[in-house]
Amino acid sequence: MSFVRYSAVCFFTSALLLPLQAQSVARNETPAVTNTAPVIQVANPPNSSLQQSKPYVVLVSLDGFRYDYPRRFGTPHLNALARNGVSTPDGMLPSFPSLTFPNHYSIVTGLYPEHHGIVGNSFYDPERDAVYAYTRPESNGDGTWYGGTPLWSLAEQQGMRSACLFWPGSEAEIAGKRPSYFLHYNDGLDDHVRIDQVINWLGLPAADRPHFITLYYADVDHAGHAHGPDSPAMRDAVHHLDDIIGELESKLRATGLPIDLIVLADHGMIALQPPVVVLSEFANLDGVRTQGSLLYPKDDAEAERIYRDFLAHPSPKFKVYRRAAMPPDLHFDANPREGDPVVVPAGPYTLLARASKLPEPIQVHGGHGFDSHMMPEMKAIFFAEGPDFNRKKRLKSFENVDVYALIAQILQLRAPANDGSLKPVEAALSKDARKRRPQ
Ligand code: AMP
Ligand code: ZN
Ligand code: ZN
């Protein structure tokens, strides 16, 4: 197929941030690998004796690992996880928009993006009059942008140590806490070194040893953007990360600790159909603040005027809603950071507010960010294995906000009210694990 010659990688991606996307694609082809893991240690209290008696959860995200890649490409190690534990053959449902930061943060807070506040990889906040950009340490490391209580903060609040080998939000102090151990994001950190760091943490004395650990890999997402979901490069990236899971699994087993391993993804990937759709060709956006495809008019009258412009110039490639009238199942109607009106792609198209924001051309084949109800290609993998999981259990599709309750249940942590529920995932847990109460 032909490719889009713009680095507009994802719907909602901010043009401002695309140079990093371009770099990461380039890095993927000639990896500049780093062999040291510079861990930042936070002076949190040690594990209480109660927490020391609890199991361990290792939560792995393989960014952009679509739910059907195991069937399409063959993944012996993930298949073994499915045999020994839990799988979700029809995929886990991402929250809207199916982008990296909103979804990783939904998984660890149990909140839809508009409730935790990270509504895009980058967005504007009209109340703060400031932009959040996932590549900028000033915003990505500033806890005042983030709502909810991520699992690492929940654990630390209750006297249980946690560690993050990368996860969106993990570089900020949120809900008054940071993980006891974390690293600044480095796409080039060697894949095996990441595993060894996790094993290292699990080898610490019981009082210091984290019980909740995150681990992250972007290889499959990079391959999907650069080469598309059907490419030989994708097959290679899938096989590589499957091998990494095999290595992780056997090293975790060798620790002899009661570890529950969860392997999931934030979203899937679809072949994009060029060309980029430029919204200012359909509505007059002169003087309107925009971020990617998000629109931030100065007042309600301007929002209504833009909406009417779009109604007068319809396109089969997108739908436009006043924010308050967004379809309820998208859970994207209540936060001013979402802009108004909201433009939702009707197919695998990259939407951008303005042509002037089109950045340096690079080759992009794949993208995500779309509504998973309309595009099943957005669905993500979910596998789990360990002493608290049933064997050979296949779950029906569930929403990624339900993972919060699942992990809180395993670790017996008291969880705040959230958008998810244990119900859809409860069958994954052993009888014993289901019976436990927070303590
Ligand atoms: P997306 O296109 O939405 O999947 O965004 C993926 C990009 O986010 C990848 O290029 C990753 O390298 C990058 N990324 C993932 N986690 C982090 C993080 N914690 N901090 C900064 N960038 C990240
Ligand atoms: Zn992602
Ligand atoms: Zn991506």
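All ligand and atom numbering here is 1-based and tracks the order in the structure. These values consider heavy atoms only, across backbone and side chains, with no hydrogens, waters or symmetry-generated copies. No experiment lies behind these values; they were computed from the predicted model shown.
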Indicate the ring-plane relationship of [X] and [Y], choosing parallel, tilted or perpendicular according to the 30° and 60° boundaries.
X	Y	answer
F123	Y132	parallel
Y56	H211	parallel
H225	H368	tilted

(message) Just checking: H222, one of its N/O/S atoms, less than 2.8 Å away from the Zn ion (ligand 3), yes or no?
(response)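 Short answer: no, not a single N, O or S atom is under the cut-off.
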
(message) Taking side chain to side chain donor-acceptor pair (under 3.5 Å) as the definition, give me every residue that meets it alongside D68, ordered by chain and number, with sequence neighbours left out.
(response)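 Scan of D68 (side chain to side chain donor-acceptor pair (under 3.5 Å), adjacent residues dropped) gives R66.
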
(request) Please could you name the atoms of ligand 1 that W167 approaches to less than 4.0 Å, counting only its heavy atoms? (result)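 Reading through ligand 1 atom by atom, the close ones are 19 (N).
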
(request) Identify, by atom number and element, the atoms of ligand 1 in contact range of D187, meaning under 4.0 Å from any of its heavy atoms. (result)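 In order of numbering, the contacting atoms are 12 (O).
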
Between [X] and ligand 1, which residue portion shows a heavy-atom distance shorter than 4.0 Å: side chain, backbone, both, or neither?
X	result
D221	side chain
N140	side chain
H368	side chain
F166	neither
D63	side chain

(message) Check whether Y105 reaches the backbone of G147 with its side chain - one donor and one acceptor, N or O, closer than 3.5 Å.
(response)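 Indeed, once roles are kept as given, a pair shorter than 3.5 Å links the two residues.
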
(request) Taking R354 for its side chain and L285 for its backbone only, find out whether a donor-acceptor pair lies under 3.5 Å. (result)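 A pair under 3.5 Å: yes.
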
(message) Assess the residue pair K379 and D90 against the criterion (salt bridge (Lys or Arg N to Asp or Glu O under 4.0 Å)); give the C-alpha distance rounded to whole Å, side-chain angles, the decisive distance to 0.1 Å, and a yes or no.
(response) CA-CA 8 Å; K379 291 188 295 184; D90 295 328; 5.5 Å; no

(request) Go around the Zn ion (ligand 2) and count every protein N, O or S atom nearer than 2.8 Å. (result)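 Atoms of protein N, O or S type lying less than 2.8 Å from the Zn ion (ligand 2) total 5.
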
(request) Return yes when P168 approaches ligand 1 closer than 4.0 angstrom through a heavy atom, no otherwise. (result)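 P168: in contact with ligand 1 (<4.0 Å).
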
(request) Decide whether the shortest distance between a heavy atom of H267 and an atom of ligand 1 is less than 4.0 Å. (result)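 Under 4.0 Å: yes for H267.
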
(message) Under 3.5 Å between any N/O of H225 and any N/O of ligand 1: does that happen in this structure?
(response)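 Such a contact does occur with ligand 1.
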
(message) Please check whether Y134 reaches ligand 1 - meaning an N/O of the residue sits under 3.5 Å from an N/O of the ligand, judged on distance alone.
(response)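 Between Y134 and ligand 1 (N or O atoms, distance only) the closest approach is not under 3.5 Å.
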
(request) Among D196, D191, L189, find the residue that satisfies the side chain to side chain contact (heavy atoms under 4.5 Å, CB included) test when tested with V193. (result)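 It is L189, the one option of D196, D191, L189 that forms the side chain to side chain contact (heavy atoms under 4.5 Å, CB included) with V193.
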
(message) Testing V86, L261, I262, I381 one by one against L81 for a side chain to side chain contact (heavy atoms under 4.5 Å, CB included), which residue passes?
(response)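 Between L81 and the candidates, side chain to side chain contact (heavy atoms under 4.5 Å, CB included) is satisfied uniquely by L261.
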
(message) Please tell me whether Y296 and Y124 form a close aromatic pair, meaning their ring centres lie under 6.0 Å apart.
(response)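 Ring centroids of Y296 and Y124 are less than 6.0 Å from each other.
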
(message) Side chains of E171 and H184 only: does a donor on one sit below 3.5 Å from an acceptor on the other?
(response)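 Note: E171 and H184 side chains meet the donor-acceptor criterion.
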
(message) So for atom NZ, which belongs to K251, do other residues, nucleotides or ligands contribute more than 12 heavy atoms lying within a distance under 6.0 Å?
(response)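 Counting neighbours around NZ of K251, more than 12 heavy atoms of other residues, nucleotides or ligands fall under 6.0 Å, so yes.
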
(request) Closest by any non-hydrogen atom to atom 15 (C) of ligand 1: pick that one out of F101, F182, Y216. (result)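 Looking at heavy atoms only, the winner is Y216.
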
